[in-house]
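Chain letters run A, B, ... following the sequence lines, proteins first, then strands; residues in each count from 1. None of the values given here were measured: they were computed from a predicted structure.
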Number of protein chains: 2
Amino acid sequence: MSTRVLQHPDAAEIRLEAVLHALADPMRLEVVCFLAAHGGEAGCAEIDLGVSKSTGTHHYRVLREAGVITQVYRGTAKINSLRRDDLDALFPGLLDSVVTAAARRVRV
Amino acid sequence: MSTRVLQHPDAAEIRLEAVLHALADPMRLEVVCFLAAHGGEAGCAEIDLGVSKSTGTHHYRVLREAGVITQVYRGTAKINSLRRDDLDALFPGLLDSVVTAAARRVRV
DNA sequence: CTCGTAGTACGATGATTGACGTACAAGCCG
DNA sequence: CGGCTTGTACGTCAATCATCGTACTACGAG
């Protein structure tokens, strides 16, 4: 039906538990870290999660519905962006501490 | 067998995903907020979660095994303490931002 | 010793979730 | 147009999770 427009929760509707739950999955955490490290933009295909496309779609959807990322179509590709502004405004310091902690975790 | 000694993960074994997962549940988040607001000590019975004892035990166990809280027996009661030092050392700022965000969330 | 309180252990159960394959839609390119 | 790439929708399956009830242990008070 050619929607091509993706629904995102309003900033005021972002729920802390949903964000934490979205971040609790290692795969989604990796996506967030990737976006945080790359200026917040990346196509779905640029982040190799090692899972099937369906599963990837599923995880991106969870992140989007939790209000963690924004997704925009650009041709056939879909660009994912971190909603850093909204997250920082709602939960100051949360994103940074999680990303920092995740980066350290990888090193260990 | 009178174990009466509870096993806690070592500080180095605390996993970010486990902590996030533990914090993602509203009930456990409430426990953490309560402990954070009360100097980090409280018996299981002091925090009314509105669920059965079994469920309460389950949630406390998840928190303990994730390395979020410490549990010590004092007579028949069990005292829960936040592992603030360990968490702050491993994931600087994480606990504060989550607790702050949760407190704000309740107000909304 | 007996009882009450505080919490554990052990299933059981229903809901949610993660992962997948297949079939399909939308946009680019030859 | 026809094929390729990119991602979605849908149904399925297994695993995990939150919740509970019941039976039990440990401790303190009387």
Side-chain angles (χ1 to χ4, degrees), chain A residues 1-8 15-32 34-35 38 41-81, chain B residues 1-8 15-32 34-35 38 41-81:
Chain A
M1 50 177 167
S2 172
T3 310
R4 294 276 107 181
V5 175
L6 296 160
Q7 306 208 347
H8 299 77
R15 296 259 148 257
L16 173 61
E17 7 159 335
V19 172
L20 288 174
H21 178 246
L23 263 40
D25 187 282
M27 202 156 283
R28 295 193 288 260
L29 189 55
E30 191 180 338
V31 171
V32 171
F34 185 97
L35 288 174
H38 289 73
E41 279 212 354
C44 282
E46 293 180 49
I47 312 176
D48 184 19
L49 295 173
V51 295
S52 70
K53 282 193 299 178
S54 320
T55 306
T57 300
H58 163 69
H59 285 301
Y60 284 111
R61 178 200 297 260
V62 173
L63 284 171
R64 191 186 69 234
E65 293 183 346
V68 180
I69 63 173
T70 305
Q71 296 185 300
V72 187
Y73 282 101
R74 184 179 298 171
T76 58
K78 199 168 63 173
I79 305 300
N80 304 287
S81 325
Chain B
M1 51 177 167
S2 172
T3 311
R4 294 278 107 179
V5 175
L6 296 160
Q7 305 209 346
H8 299 76
R15 295 263 146 252
L16 174 60
E17 8 159 335
V19 173
L20 289 174
H21 177 247
L23 263 39
D25 187 280
M27 201 155 284
R28 295 192 288 261
L29 189 55
E30 191 180 337
V31 171
V32 171
F34 185 97
L35 289 175
H38 289 72
E41 278 213 353
C44 281
E46 293 180 49
I47 313 176
D48 184 18
L49 295 174
V51 295
S52 70
K53 283 194 300 179
S54 318
T55 308
T57 300
H58 163 68
H59 286 301
Y60 284 111
R61 178 201 295 261
V62 172
L63 283 170
R64 190 186 70 232
E65 292 183 347
V68 180
I69 63 173
T70 305
Q71 296 184 301
V72 188
Y73 282 101
R74 183 179 301 170
T76 57
K78 198 167 66 173
I79 304 299
N80 303 286
S81 326

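Here CZ of A/Arg28 is found 10.5 Å from CD1 of A/Ile69. Values are rounded to the nearest 0.5 Å. Interatomic distance, CD of A/Gln71 versus CZ of A/Arg64, reported as 5.0 Å (0.5 Å rounding). The structure places CD of A/Glu65 at 15.0 Å from CZ of A/Arg15, a figure rounded to the nearest 0.5 Å.
Side-chain atoms of B/Thr55 and B/Ser52 include a donor-acceptor pair closer than 3.5 Å.
Taking only side-chain nitrogens and oxygens, A/Arg74 never comes nearer than 4.0 Å to OP1 or OP2 of D/dT6.
To the nearest angstrom, C1' of D/dT6 lies 12 Å from CG of A/Asn80. Taking atom CZ of A/Arg64 as the reference point, atom P of D/dG7 lies 13 Å away to the nearest angstrom. Protein atom CG of A/Leu6 is 17 Å distant from nucleotide atom P of D/dT6, rounded to whole Å. Between the CG atom of A/Leu20 and the C1' atom of D/dC17 there is a distance of 17 Å, rounded to whole Å. In this structure, the CG atom of B/Leu63 is 16 Å from the C1' atom of C/dG7, given to the nearest Å. When the P atom of C/dT16 is taken as reference, atom CD of A/Glu65 falls 14 Å away, rounded to whole Å. Atom NZ in B/Lys53 sits about 11 Å away from atom C1' in D/dC24, given to the nearest Å.
Using a 4.5 Å heavy-atom cutoff, the side chains of A/Leu23 and A/Val32 are in contact.
Using a 4.0 Å heavy-atom cutoff across all strands shown, B/Tyr73 reaches sugar-phosphate atoms only and no base atom.
Across all their heavy atoms, A/Val19 and A/Ala66 have their closest contact at CG2-O, 3.6 Å.
Distances were taken from every side-chain heavy atom of B/Thr76 (C-beta onward) to each of D/dA26, D/dA9, D/dT5; the shortest belongs to D/dA26.
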Contacts under 3.5 Å, N or O only, protein and nucleotides 18-22 of chain D:
from	atom 1	to	atom 2	distance (Å)
D/dA18	OP1	B/Arg28	NH1	3.3
D/dA18	OP1	B/Arg28	NH2	2.9
D/dA18	OP2	B/His58	NE2	3.0
D/dT19	OP2	B/His59	NE2	2.3
D/dC20	OP2	B/Ser52	N	3.1
D/dC20	OP2	B/Thr55	OG1	3.1
D/dG21	N7	B/Ser54	OG	3.1
D/dG21	O6	B/Ser54	OG	2.7
D/dT22	O4	B/Ser54	OG	3.4

